[in-house]
Amino acid sequence: MSRYDPSVIEPKWQEQWETRRPFKTPTDLAELTKKPKYYVLDMFPYPSGAGLHVGHPEGYTATDVVARLKRMQGFHVLHPMGWDAFGLPAERAAVRDGLHPAVITKRNVDNFRRQIKRLGFSYDWDREVDTSAPDYYRWTQWIFLKLYEKGLAYMAEVPVNWCPALATVLANEEVKDGKYVETGDAVERRLMKQWMLRITAYGDRLLEDLDALDWPEGIKEMQRNWIGKSEGAEVRFGLEGRPESFTVFTTRPDTLFGATYCVLAPEHPLVAAITTPAQRAAVEAYVTEAKNKSELARKEDAKTKTGVFTGAHAVNPATGKPVPVWIADYVLASYGTGAIMAVPGHDERDHEFATTFGLPIIEVVKGGADVAAQAFTAPGVAVNSGLLDGLPTAEAKKQMTAWLEARGLGTRRVQYQLRDWLFSRQRYWGEPFPIVHLEDGSIATVPEAQLPVSLPHVDEFKPTTDGRPPLARAGDAWLGVTLPDGRKGVREVNTMPQWAGSCWYYLRFLDARNDAQAWSPELEKYWMPVDLYVGGVEHAVLHLLYARFWHKVLFDCGLVSTKEPFQKLFNQGMILASSFQDARGKYYAPAEIDDREDGAFVKGSGERVKKQIEKMSKSRLNVVSPDDVIRDYGADTLRLYELFMGPLEQVKPWEMKNVGGCLRFLERVWRLVVDEETDASTVKLTDAGPESEPELHKALHKCIQLVERDTLAMRFNTAISHMMTFANEATGAKTLPRAIARTFVTVLSPYAPHLAEELFSRLGGEGLVSVAPWPRFDPALVAEDTVTYAVQVLGKLRAELRAPVGATEAEVRALAEADPRVKAWLDGKAVKKFVFVPRRLVNFVVA
RNA sequence: GCACGGGUGGCGAAACUGGUAGACGCAGCGGACUUAAAAUCCGCAGGUCCUUCGGUGGGCCGUAUGGGUUCGAGCCCCAUCCCGUGCACCA
């Protein structure tokens with residue numbers, strides 16, 4: 001071999017890593033406590049049948065570079081990988097292909113593992129986990145028991161997304177606009193008895209503990225919105241001539257005097273009772289219509305307000321006056337109390353409704369324009385409000401709430417948008433619940449010692465003909481249970497949703513092969529929390545909220561030692577790719593296209609097509625596979641380009657042309673060390689000390705400093721540019737001391753580990769560069785002795801000059817004034833002011 | 001509609017805390033090497049105008065748009081436009 005050939009050196013070093021196991025993290029606590037720890041985690045993938053595209057390894061490469069650098073800096077690094085292996089696609093493929101989901105999953109996992117290994121990541125593969133393996137989901141079930149014991153898991157009759165065509169329930173994220181996203185089949189709302197997790201009990205803590213986390217502000221904000229805490233009051237409204245009453249929730253108790261009507265959700269339990277005979281037909285028609293309205297229709301109708309008068313009147317507790325009670329679908333049964341007091345003067349929705357149906361509008365907060373024309377929702381000063389008159393909104397809220405509380409008419413109330421988590425699915429390929437339904441109708445848990453409750457054999461992965469979940473197809477041997485105390489029952493046939501396994505996998509990685517415990521408490525104390533967690537924004541809310549919830553429950557059980565699982569979170573931006581589309585909208589694969597300066601054309605026909613940058617997808621024919629990139633450029637080039645493209649957090653387009661630039665850089669590094677003709681060392685490589693090339697020696701130390709700084713700050717693109725700068729300088733140098741080359745290769749190794757190993761060994765390095773100590777830069781070499789000053793006159797650049805680092809203001813000023821280019825601009829003018837920024841610039845302010 | 005990101009050369013992007021805008025790379029151009037090409041190596045390169053025999057020297061403009069603060073603004077403040085993402089009748 002003479003030329004740089006990644007297809008030879010990459011397998012060679014991957015094999016070395018496989019046999020010598022440099023990335024195996026100790027499991028022995030005594031060994032671990034000798035060094036500081038660093039836990040760097042990727043969001044583990046769902047192993048789909050499509051395999052990886054170049055978007056996946058972006059985050060993986062970033063964490064790998066950090067893991068490698070930290071390891072070289074003397075940390076014990078935990079850097080694991082695993083599979084979020086339960087999920088619907090495998091089950092659907094199983095039905096289609098007549099295979100077991102476990103077989104399909106294994107095939108996909110094997111493919112993912114192969115693809116990931118080709119990138120040369122420094123994972124500790126001895127800790128690989130698979131959420132669908134019984135020795136993993138055993139502990140998922142065990143955690144569920146903890147939740148159940150704490151009263152956080154319960155069964156309830158709730159509305160679910162039911163798809164008649166598939167005879168199964170779908171998750172919210174699988175339904176868009178009232179249709180199943182995969183097949184377009186209609187989905188309807190149906191009441192079913194389901195398992196729920198009481199995440200709402202943790203709403204406040206999930207909200208408050210966000211503040212201390214080093215997460216992107218946007219993600220924290222999304223979680224805050226999702227939890228949706230709002231503070232206000234509950235107010236009870238009595239009914240005129242009836243014994244019942246209903247309660248409304250409001251964030252604006254100060255506007256109670258302006259409540260001119262009330263609205264109940266169509267599903268509100270009181271609707272049937274209070275409707276007057278004259279209104280009954282209209283109300284019933286409206287209720288039926290609302291019930292049958294699909295999500296889509298309800299969303300579309302959001303622009304126009306509809307509703308019906310019930311005929312009943314409630315009493316405004318502040319004014320004592322009767323107000324009409326309406327029903328309308330703009331009031332949601334699922335939020336607050338399912339009933340509102342309507343204040344059209346100060347709420348846009350109420351205003352629109354009042355205008356549509358001619359209901360009275362009263363101004364009770366001063367500060368806006370005419371409330372008859374437009375609702376005034378900002379804070380102001382209370383008017384027409386009896387005891388509140390003259391009070392600013394904040395004060396009026398407090399007064400009104402106190403007044404209501406004193407009379408037993410209302411109370412302070414905090415309301416969340418967060419709902420309890422619907423935790424069961426009618427699927428086969430998920431964790432069975434460790435639950436038995438006894439003959440007397442009560443629920444019992446499976447004893448811990450009997451876990452796991454394994455997935456049973458079934459003849460088909462479809463619901464039963466009478467619509468029960470696939471697990472109901474299991475034989476009596478699985479379904480029928482006799483508990484140790486002799487009670488009999490049948491197993492729960494729902495399974496857990498895909499989120500369950502990913503709620504705690506970061507804990508299993510700490511102690512992945514422990515078959516007596518989910519994890520050892522000592523290892524948990526050593527490793528947690530995760531120091532760096534990298535993944536896509538698509539998990540901003542669900543996964544990250546669910547995992548935080550479970551973690552807090554485990555914390556309350558004394559099973560983990562930290563309040564939060566993920567101290568620092570980083571989101572990588574999506575990678576886009578060019579797609580080509582003709583006038584009829586047909587897509588073309590890049591291979592069919594001649595992409596030139598003057599436009600893109602179909603090869604053969606020469607038809608002009610539109611080139612655009614879009615999200616990668618099969619249908620757009622623009623998916624880039626890492627396998628292809630590795631075949632053409634090598635894994636090191638792929639790794640480098642993934643990070644050189646731009647800032648990790650940014651959305652950016654994949655440009656195959658630019659990949660070549662990264663390959664050229666690595667080839668250049670190769671040629672610094674290896675003579676392409678002879679395969680021996682290059683002639684410029686010398687055994688002289690690094691001081692023999694003082695300029696290059698300085699450049700090297702500068703490079704160490706900058707690469708270290710930028711890598712730890714996760715600015716990988718600039719870290720790479722500094723290495724390119726060094727390689728360019730080394731190419732121009734007359735000689736290259738071996739010691740300098742070896743150090744540079746060490747610095748390069750987190751980014752391009754295969755090439756680095758090869759060159760390190762050729763340069764006589766001891767052992768593997770992947771676990772060599774990270775070089776320390778010499779501050780004396782990094783320091784400059786002269787600096788360039790910019791000389792400005794009136795803020796405009798007129799000259800540059802070199803001056804010693806320690807030059808005083810007077811010295812630099814004298815140098816600047818002596819410069820003829822500056823003189824010309826200062827000629828005949830009085831200097832009013834002289835600005836001196838040490839080491840940077842001077843500015844003459846002239847009259 | 002609301003919230004959060006983001007608009008810098010032909011392109012991906014740099015610019016530490018308000019201090020020389022465009023590092024590094026792609027594409028492009030010129031030169032060397034070669035019979036030739038590729039590869040490689042060396043160099044040029046925001047726009048525009050003037051100047052010079054010239055590969056010289058210089059002016060002006062320029063970080064989405066319009067204002068402001070400052071000796072000095074890509075960066076800070078106000079307003080506007082465009083793009084992306086998330087949420088969306090949440091009382």
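By convention in this document, chain letters (A, B, ...) are assigned in the order of the sequence lines, proteins followed by strands, and residues within each chain are numbered from 1. Quick note: numbers below take in every heavy atom, side chains included, and nothing from hydrogens, waters or symmetry partners. The shown structure was predicted, so the numbers you read here are calculated from the model rather than taken from an experiment.
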Give a yes or no answer on whether the side chain of A/Tyr261 reaches the backbone of A/Pro360 with a donor-acceptor pair at less than 3.5 Å.
-> no
Just by distance, do the side chain of A/Tyr641 and the backbone of A/Glu655 share a donor-acceptor pair under 3.5 Å?
-> yes
A/Asn728 side chain N/O closer than 4.0 Å to the phosphate oxygens (OP1, OP2) of B/G25?
-> yes
Hey, is the side chain of A/Arg715 poking within less than 4.0 Å of OP1 or OP2 on B/C24, counting only N and O atoms?
-> no
When we call it a touch if two heavy atoms are under 4.0 Å apart, what does A/Thr788 touch: a base, just sugar-phosphate, or nothing?
-> base
Using a 4.0 Å heavy-atom cut-off across all strands, classify A/Arg224 as base, sugar-phosphate, or nothing.
-> nothing
Atom C1', compared across B/A13 and B/G22: separation rounded to whole Å = 9 Å
Quiz item: A/Lys305 side-chain donor-acceptor pair to B/C89 base, under 3.5 Å | yes
Which nucleotide in the set B/C42, B/C71, B/U40 lies at the smallest distance from any side-chain heavy atom of A/Val845?
-> B/C71
B/C61 and B/G67, which share atom name P, separated by this distance in whole Å | 14 Å
What is the nucleic acid contact for A/Glu655, judged by heavy atoms within less than 4.0 Å: base, sugar-phosphate only, or nothing?
-> nothing
Pairing of RNA chain B as dot-bracket, 5' to 3': ( ) intra-strand, [ ] crossing, | other strand, . unpaired, with Watson-Crick or G-U pairs under 3.5 Å?
-> (((((((..(((......[....))).(((((.......))))).(((((......)))))..(((((..]....))))))))))))....
Can you figure out which of B/U40, B/U20, B/A27 approaches the side chain of A/Lys657 most closely?
-> B/A27
A/Leu748 CG - B/C24 P separation (whole Å) = 18 Å
A/Val331 has its side chain closest, among B/A91, B/A14, B/A3, to B/A91
N or O in side chain of A/Arg664 less than 4.0 angstrom from B/C26 OP1/OP2 | yes
Please determine if a side-chain N or O atom of A/Arg668 lies less than 4.0 Å away from the OP1 or OP2 oxygen of B/C41.
-> yes
Could a donor-acceptor pair under 3.5 angstrom be found where the side chain of A/Asn658 meets the base of B/C26?
-> no
Pairwise P distance for B/G68 and B/G62, with rounding to whole Å = 14 Å
What nucleic acid atoms does A/Pro216 come within less than 4.0 Å of, heavy atoms only: base, sugar-phosphate, or nothing?
-> nothing
Nearest-nucleotide pick for A/Met724, side chain only, options being B/G19, B/A91, B/G25 | B/G25
Calculate the interatomic distance between A/Glu58 atom CD and B/G12 atom C1'; express it in whole Å.
-> 13 Å
Candidate nucleotides B/G86, B/U20, B/A91, ranked by approach to the side chain of A/Met222 - the nearest | B/G86
If you measure from the C1' atom in B/C11 to the same atom in B/U17, how many Å do you get, rounded?
-> 31 Å
To the side chain of A/Pro653, which of B/A27, B/G59, B/G12 is closest?
-> B/G12
What's the CD-C1' distance between A/Gln612 and B/C83, to the nearest Å?
-> 15 Å
Taking only Lys NZ, Arg NE, NH1 and NH2, and the carboxylate oxygens of Asp or Glu, determine whether A/Lys305 and A/Asp350 approach each other closer than 4.0 Å.
-> no
Going by an N to O cut-off under 4.0 Å, is there a salt bridge joining A/Arg821 and A/Glu800?
-> no
Atom of A/Val669, atom of A/Ala727 and distance for their closest heavy-atom approach = CG2-CB, 4.2 Å
When the aromatic ring centroids of A/Phe644 and A/Phe665 are compared, is their separation below 6.0 Å?
-> no
Gap between atoms NZ and C1', on A/Lys833 and B/G72 respectively (whole Å) | 10 Å
Which glycosidic conformation, syn or anti, is assigned to B/G86 if syn requires a torsion within 90° of zero?
-> anti
With a 3.5 Å cut-off and no angle check, do the side chains of A/Thr401 and A/Arg412 form a donor-acceptor pair?
-> no
Report the distance from atom CE of A/Met574 to atom C1' of B/U85, rounded to the nearest whole Å.
-> 8 Å
Counting only side-chain N and O atoms of A/Thr718, is one of them less than 4.0 Å from OP1 or OP2 of B/A13?
-> no
Euclidean distance, atom NZ of residue A/Lys652 to atom C1' of B/U8 [Å, nearest integer] | 18 Å
Identify whether the distance between the nearest side-chain nitrogen and carboxylate oxygen of A/Glu58 and A/Lys652 falls below 4.0 Å.
-> yes
Rounded to whole angstrom, note down the C1' distance from B/A15 over to B/U69.
-> 22 Å
Answer yes or no: does a side-chain N or O of A/Gln650 lie under 4.0 Å from OP1 or OP2 of B/A13?
-> yes
Which class fits the ring pair A/Trp326 and A/Phe357: parallel under 30°, tilted 30 to 60°, perpendicular over 60°?
-> tilted
Looking only at B/U20, B/A91, B/C24, the nucleotide nearest the A/Phe249 side chain is B/A91
Inter-nucleotide P distance (B/C16, B/A91), Å rounded | 41 Å
Indicate whether the side chain of A/Thr61 and that of A/Glu642 have a donor and an acceptor atom separated by less than 3.5 Å.
-> no
Taking the side chain of A/Arg798 as its heavy atoms from C-beta onward, which of B/C71, B/G59, B/U20 lies nearest to it?
-> B/G59
Which part of the nucleic acid, if any, lies within contact of A/Asn717, taking any heavy atom under 4.0 Å across all strands shown: a base, the sugar-phosphate backbone alone, or nothing?
-> sugar-phosphate
With distance as the sole criterion, do the side chain of A/Arg840 and the base of B/C16 form a donor-acceptor contact below 3.5 Å?
-> yes
Look at the side-chain N and O atoms of A/Lys796 and state whether any lies under 4.0 Å from the OP1 or OP2 oxygen of B/C61.
-> yes
Quick note, A/Arg671 side chain, CB onward, closest among B/C41, B/G12, B/A91 is B/C41
Residue pair A/Leu794/A/Asn225 against RNA chain B: nearer the 5' end by closest nucleotide is A/Asn225
When the distance from CH2 of A/Trp226 to P of B/U85 is rounded to whole Å, what number comes out?
-> 18 Å
Given the P atoms of B/U80 and B/U85, what is the spacing between them in whole Å?
-> 23 Å
In whole angstrom, what separates A/Trp825's CH2 from B/G57's C1'?
-> 14 Å
Most 5' of A/Ile219 and A/Gln417 on RNA chain B, judged by nearest nucleotide | A/Ile219
The side-chain hydrogen bond (donor to acceptor under 3.5 Å, both in side chains) partner of A/Arg252 among A/Asp254, A/Thr255, A/Thr250 is A/Asp254
What integer number of Å spans the C1' atoms of B/C44 and B/A36?
-> 25 Å
